[in-house]
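Here is the structure we will look at, set down as structure tokens.
Every chain is numbered from 1 and lettered A, B, ... according to where its sequence line falls, protein lines coming before strand lines.
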Amino acid sequence: MSKLPLEGIRILEMTVVWAGPYCTSFLADLGAEVIRVESLATFAPLTRGVRAHPTAASLEVQPVFMGGYPDRQPGDRPWNRCPIFNPHARNKLSMTLDLSQPKGMEIFKDLVKVSDVFVENNVVDRMDQLGIDYAMLKKLREDIIMLRMPAYGSTGPYRDYRALGVHIEGVIGHTLLRGYTDMDASANNAVYVADAAGGSQGAFAVLAGLHYRRRTGKGQYIELGQAEDAMPMMGQFFMDYAMNGRNAATSGNRHPTAVQGCYPCKGSEQQGHDRWVSITINSDEEWRSFSEALGRPDWAVDPRFAHAPGRLEHHDEIDAHIGRWTEQMDNFEVMRALQVVGVAAGPVMDQRDAYNDPHLRERGMFQEASQEDTGTHMYPSAPYTMSETPPDIRRGPVRLGEDNEYVYRTVLGYSESEYARLVAEGHISMDYPEPFE
Amino acid sequence: MPDSALSHVRVLDFTTQVAGPYCTKLLADYGGDVIKVERPGTGDAARNLGPFPGDIPHKEKSGLFLHLNTNKRSITLDLKSKAGQKIAKELAAKVDLVIESFRPGVMDRLGLGLEALQESNPRLVMTSISNFGQTGPYRDFKSSDILVYSMGGEMHSTGLADREPVKLGANVVLYQAGSVAAVGSAGALFLSQDDGPGQQVDVSIMETQIGSVDRRMSALVGYQYTGELSVRIPFGAAGYPIGVYPCEDGYLEVTGGLIYFPRVVRALGNPPELLEPRWYTPESQTDPELKDEFEAHFLSWTLQHSKLDAWRAAQESGVLSGPLNTMEDVANDQHFIGRDAFAQIDHPVAGSLKYPGRPFVMTESPWGIRRPAPLLGQHNGEILQELGYGPGDQARLRAQGVI
């Protein structure tokens, strides 16, 4: 077996929430030694949890993706148990220091000297306060690559504006392009597409920087403003404005040329009743196959429906017909019945569906991983596979300070007595100091 | 032209529509030499998808295609013909990376599978982008934008409790798949160009959503930890102020509940009634009466401000927030214009237009537009010339319909 693509590359991260940690998860999957540099002086909200010490009652009211700690219990070390954090913390290392002490910055500088890449996605003034910028890093390590990923970049009127992915999506126009057509935008719930884009394209940016460095010996500063980063994903809508001066609106679940929708299905006691299937019917040929699969061959020749313009005109009526058929069926059954005749159909998969899905199982999308404070669970692995160097989960979600000894003693070469002193001075710990919210 | 990050990378691109072309756009815009192989006569299906200027369809004027294919060269090849396959193989022998988005199995049937191509190019990387991946029971299933989000993404919790789940903006999930494919490709190349093996990168578009940080991974792991499924919540059931609020001229998205609540109160000028202890108990965020009372306050403030003024005032108190912009707002935003976030690109048929620009700035090895999206088969002559096909050969291939 070959070595992994990024074996031998050391990456430091001071990342928060989702976009930054997701970026480095790709690099860790590819074999880089990714070290989370975690300051014990601050607890970044929405990173290792909403807060360091949530109460069980506060977890109870949070959605499962946020408050779904094992059994909804915070446990002794809640920061190692949070579902906001653990899924992207695979294959990484964690070390702690206290950046509010001058010694903390010295430790950080020692680490920079032996690292290839530094990644951060904090609000701009956080790095300013710490005195961390590319010039400073470059003095310590001539060929370092720095990826900075603030919401709106490090210059311009919005440089200090605070945002989560959901706000960035409003700013770049995505929020007005999604949601129900018969309700205004205030019915839209939060999604975080910009975090996903920042993560994957941030990883691509680091890889591009590493390619360039190998060829030229030069490191560099890379700036990924998360809003700008996700803007190309609005491409056709942006171009429509550029070409036609038009501001597109949401089209709900509909498609410009196909019959498309999300339809109710039969549930069961065990599954619950919130069961749905999505269907896209692209062409006259697919419409004919669809009509036959439903036992309504007359629809294939009905002049109202036979061709795309008619189908779009009568879309509401078609939807009602489809819904009456699907609501008597299981959503996986609809998928099989339609896919077999060449029509795109697939269930809206809740989490249980996904974990039980035979396709994802066969492809090994979920992999088992363990961690002392949460136990053993199945986690999503890298969102692509490789034939020679599979980006598997080699290590479960990293605990705070789990690799202090390796980082301080082996990577930095600090002596045993120095290590003991740093423990005493509050740099090295697997717990946040009290009091912490 | 300054040296770009990937100017040493040569790519042969068999992809169409959105996901694959977005992946190769990222590679090309950061310097890769991308040869796009298109079907003679018709070309990439995205050429038929809008928007078009004045809504008049034209193969060289699709806004989607123009955006997704900057910096690439186009050659037309009939891959069903022996001569077309031979040329494709000759091209594949000279590149570092082949990217394709055919249905699984098609490349093998065309004699262009990875094993066949590695005979003359052992370190070749092939990235295959498909709906469900190269293996597994759904391998040959059809898909669509909505299906990707339904089956892979967190659509189950997107929308309202008493309504059907609702998808994201058109094609967004396909772009995300393309950007993941660029990561896998650049990672595999980093190894193959360091005396490592070539290999296949298998990108299942569905899995790029299963493994997405957009709530999906967290919802999946939260389910593992608790056995609970994510839900769509009723309209207005979140804490306060959380969600989209109307302003004088549009909307402002605000995340101001829980630990962020004091910042919102500060933005409102710390009115004494909002400083009372009842707003700061653990139960306050789930109390519907308090929510109503607060929102009456908050709405009277937002409705007196434009979305940009409300945003600025909210940010002055550190409130996580953002306006809901239209494309017009985005394209004319002085912050983004000042940061040079857009590109003005001149195309021989579509003319000069403003495009979305670079996703990120590389200070040493810049993003750049060397050429606009190619006309169909625009580079047939020069690419065939590079392979040693003279004008006579080219005329023959043209007459046979190969190019």
side-chain contact (heavy atoms from CB on, under 4.5 Å) partners for A/Thr175, two or more places apart: A/Glu169, A/Arg178, A/Asn188, B/Glu253, B/Leu324

Side chain / backbone / both / neither for B/Leu27 at chain A, heavy atoms under 4.5 Å: both

Side chain, backbone, both or neither of B/Ile233 within contact of chain A (heavy atoms, under 4.5 Å): neither

B/Lys61, part contacting chain A, at a heavy-atom distance under 4.5 Å: backbone

Part of B/Tyr30 within contact of chain A (heavy atom distance under 4.5 Å): side chain

Residues in side-chain hydrogen bond (donor to acceptor under 3.5 Å, both in side chains) contact with B/Gln199, at least two apart in sequence or another chain: A/Thr389

Portion of B/Gln315 that has a non-hydrogen atom of chain A nearer than 4.5 angstrom: side chain

Atom pair CD/CE of A/Gln236 and B/Met327 - distance to nearest 0.5 Å: 9.5 Å

Structural part of B/Ser185 lying under 4.5 Å from a heavy atom of chain A: neither

Geometric class of the A/Tyr379/B/Tyr225 ring pair [parallel <30°, tilted 30-60°, perpendicular >60°]: perpendicular

Interface moiety of B/Ser143 toward chain A, non-hydrogen atoms closer than 4.5 Å: backbone

Note: A/Lys3-B/Asp194 ion pair, threshold 4.0 Å (strictly below): yes

Atom group of A/Met149 that falls short of 4.5 Å from chain B, counting heavy atoms: neither

B/Arg232 versus chain A, the contacting section by heavy-atom distance below 4.5 Å: side chain

Options A/Pro5, A/Ala248, A/Ala203, ranked by heavy-atom pairs under 4.5 Å with chain B, top entry: A/Pro5

Per-residue contact mode, B/Tyr245 against chain A (heavy atom under 4.5 angstrom): neither

